[in-house]
Amino acid sequence: MKRTLYDLTREDWNALFPIELSEHNTKWKDIFEEEKQRILLHIDNSYFNRIEHFGSTSIPNIKAKNYVDLFIEIPKEFLFDKELIKQFEKLGYSFFEVPAREDIAAYMSFAKGYNFEVKKEQIFHIHMCPKDNVMCDQLKFRDYLIENPDRAKEYEKLKIELASKYRNDRGAYVLGKTNFVKETLSLYKN
C-alpha cells in the first residue's frame, strides 16, 4: 500500500522533509503564477476572493525553503466546504484542517509536491481562510518585508539560525519565528 501524507507522524515529517533553505529563486514568482492559473482554470472561481503569493519565496533576495505558499481568501460560507476540498484534491492536493489556537481561528490548509521517492517535485502550501482570520496578517508581514529590505535580511538571518538549530524540528522552526513576525506586524501598524 502506498504511503500518503496522512500516514506520517511528526517524526516522519521531520526526518523526511528537514528544514533546508535555498538562495532566492526569481522563478518562484512564475511558479506561483502558473499554479494560480491552474487553480483558476480547474476550480470554480466563485470560491475565491483573492489568491496571493506569500511566505519567504515571495520576498526578494532572502533565502527560503523551496516551498511556494499561496494564500487564498474565501467567503466565510466556504470554510471547510466539502466540494471545494474535493476540487483541490483532484488537483493533487492533500487537505489538512489547521485547528484553532490562541488568537488564530481554524482554517484550511492544502499541500502538494511531497513524495517519498528520490524524484523532486515543487512543493506547494495553500493557506485558505476568510478575511477575518488573523492569517491574513501574513500578507501585511510579506508587504512590510518587501518594502523594508533591511528588516527582510534580519528575518533571513533568523531563519538561517533556526534552520541550523532545528533542521529536523519543523514545529520549533516555525515557533522560533513567532516573535519576529509579531514585532514586524507592530511596525507595519505604526
Side-chain angles (χ1 to χ4, degrees), residues 1-22 25 27-59 64-101 104-139 141-142 168-171 173-174 177 181:
M1 187 169 87
K2 187 176 177 183
R3 284 175 68 183
T4 70
L5 293 182
Y6 302 117
D7 299 323
L8 300 181
T9 65
R10 179 178 295 189
E11 291 76 23
D12 292 335
W13 274 100
N14 289 330
L16 290 169
F17 308 107
I19 304 298
E20 296 174 338
L21 300 178
S22 302
N25 182 345
K27 293 181 181 174
W28 283 331
K29 182 179 179 181
D30 296 331
I31 293 166
F32 158 76
E33 286 296 336
E34 288 170 13
E35 190 65 10
K36 176 182 175 180
Q37 292 310 311
R38 186 170 178 263
I39 290 167
L40 291 172
L41 181 65
H42 294 284
I43 297 179
D44 181 353
N45 292 198
S46 66
Y47 283 115
F48 311 128
N49 290 341
R50 63 179 166 163
I51 301 176
E52 296 203 30
H53 185 194
F54 82 118
S56 295
T57 60
S58 69
I59 302 163
K65 294 188 309 291
N66 190 25
Y67 306 168
V68 173
D69 291 300
L70 294 89
F71 177 84
I72 301 181
E73 181 188 307
I74 57 172
K76 191 170 263 189
E77 64 267 21
F78 295 130
L79 188 61
F80 305 116
D81 182 270
K82 291 185 185 342
E83 181 55 37
L84 178 59
I85 292 167
K86 274 192 228 173
Q87 289 189 39
F88 273 93
E89 288 173 339
K90 286 178 185 173
L91 288 180
Y93 282 93
S94 297
F95 166 73
F96 300 93
E97 180 177 336
V98 179
R101 61 192 189 280
I104 300 177
Y107 65 93
M108 300 178 356
S109 179
F110 297 85
K112 179 174 80 167
Y114 289 96
N115 69 54
F116 308 105
E117 301 164 10
V118 177
K119 184 179 104 178
K120 286 273 191 185
E121 292 182 40
Q122 178 61 56
I123 293 174
F124 294 95
H125 290 167
I126 294 175
H127 303 267
M128 188 181 296
C129 60
K131 67 181 174 184
D132 63 351
N133 191 300
V134 76
M135 271 303 294
C136 293
D137 286 348
Q138 292 300 313
L139 299 177
F141 178 72
R142 172 205 63 195
N168 294 101
D169 189 343
R170 298 167 76 85
Y173 173 80
V174 170
K177 299 185 294 182
V181 172

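Heads up: numbering here begins at 1 and tracks the sequence.
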Inset, instruction - Using ring-ring contact (aromatic ring centres under 6.0 Å, His included) as the criterion, list what pairs up with F96, not counting sequence neighbours. - result: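 Scan of F96 (ring-ring contact (aromatic ring centres under 6.0 Å, His included), adjacent residues dropped) gives Y6.
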Legend entry - Where at least one partner belongs to residues 71-80, residue pairs that pass side chain to side chain donor-acceptor pair (under 3.5 Å), sequence neighbours excluded: N49-E73, R50-E73, K76-D132
For a quick test of reading the model, state the closest non-hydrogen atom pair linking [X] to [Y] and the distance between them.
| X | Y | answer |
| --- | --- | --- |
| I51 | K36 | O-NZ, 3.5 Å |
| R170 | F17 | NH1-O, 2.8 Å |
| C129 | F71 | SG-CE1, 3.7 Å |
| P130 | C136 | O-SG, 3.7 Å |
| D69 | H53 | O-CD2, 3.5 Å |
| E97 | F80 | CG-CE2, 3.4 Å |

Inset, instruction - Could you go through the side chain to side chain contact (heavy atoms under 4.5 Å, CB included) check for L84 and D44 one step at a time? - result: CA-CA 9 Å; L84 178 59; D44 181 353; over 6 Å; no
Pairwise distance [atom1]([X]) to [atom2]([Y]) - rounded to 0.5 angstrom:
| X | Y | atom1 | atom2 | value |
| --- | --- | --- | --- | --- |
| S56 | F141 | OG | CZ | 7.0 Å |
| L16 | T9 | CG | OG1 | 8.5 Å |
| L91 | I43 | CG | CD1 | 4.5 Å |
| H42 | K90 | NE2 | NZ | 12.0 Å |
| R38 | F124 | CZ | CZ | 8.0 Å |

Legend entry - Residue among L5, I39, I85 satisfying side chain to side chain contact (heavy atoms under 4.5 Å, CB included) with Y93: I39
Identify every side-chain donor-acceptor pair in residues 104-112 under 3.5 Å, counting partners at least two apart or on other chains, and give the distances.
from, atom 1, to, atom 2, distance (Å)
S109, OG, I126, O, 3.4
K112, NZ, E35, OE1, 3.4
K112, NZ, E35, OE2, 2.7

Legend entry - Contact check, side chains of D81 and Y47, non-hydrogen atoms, under 4.5 Å: yes
Inset, instruction - Examine H125 together with Y114 and report whether their ring centres are nearer than 6.0 Å. - result: yes
Legend entry - Derivation of the side chain to side chain contact (heavy atoms under 4.5 Å, CB included) call for M128 and L70: CA-CA 8 Å; M128 188 181 296; L70 294 89; over 6 Å; no
Inset, instruction - Assess whether side chain to side chain contact (heavy atoms under 4.5 Å, CB included) is satisfied between I72 and F88, documenting all intermediate values. - result: CA-CA 12 Å; I72 301 181; F88 273 93; 3.9 Å; yes
Inset, instruction - Could you tell me whether the side chain of N66 and the main chain of A64 form a donor-acceptor pair under 3.5 Å? - result: no
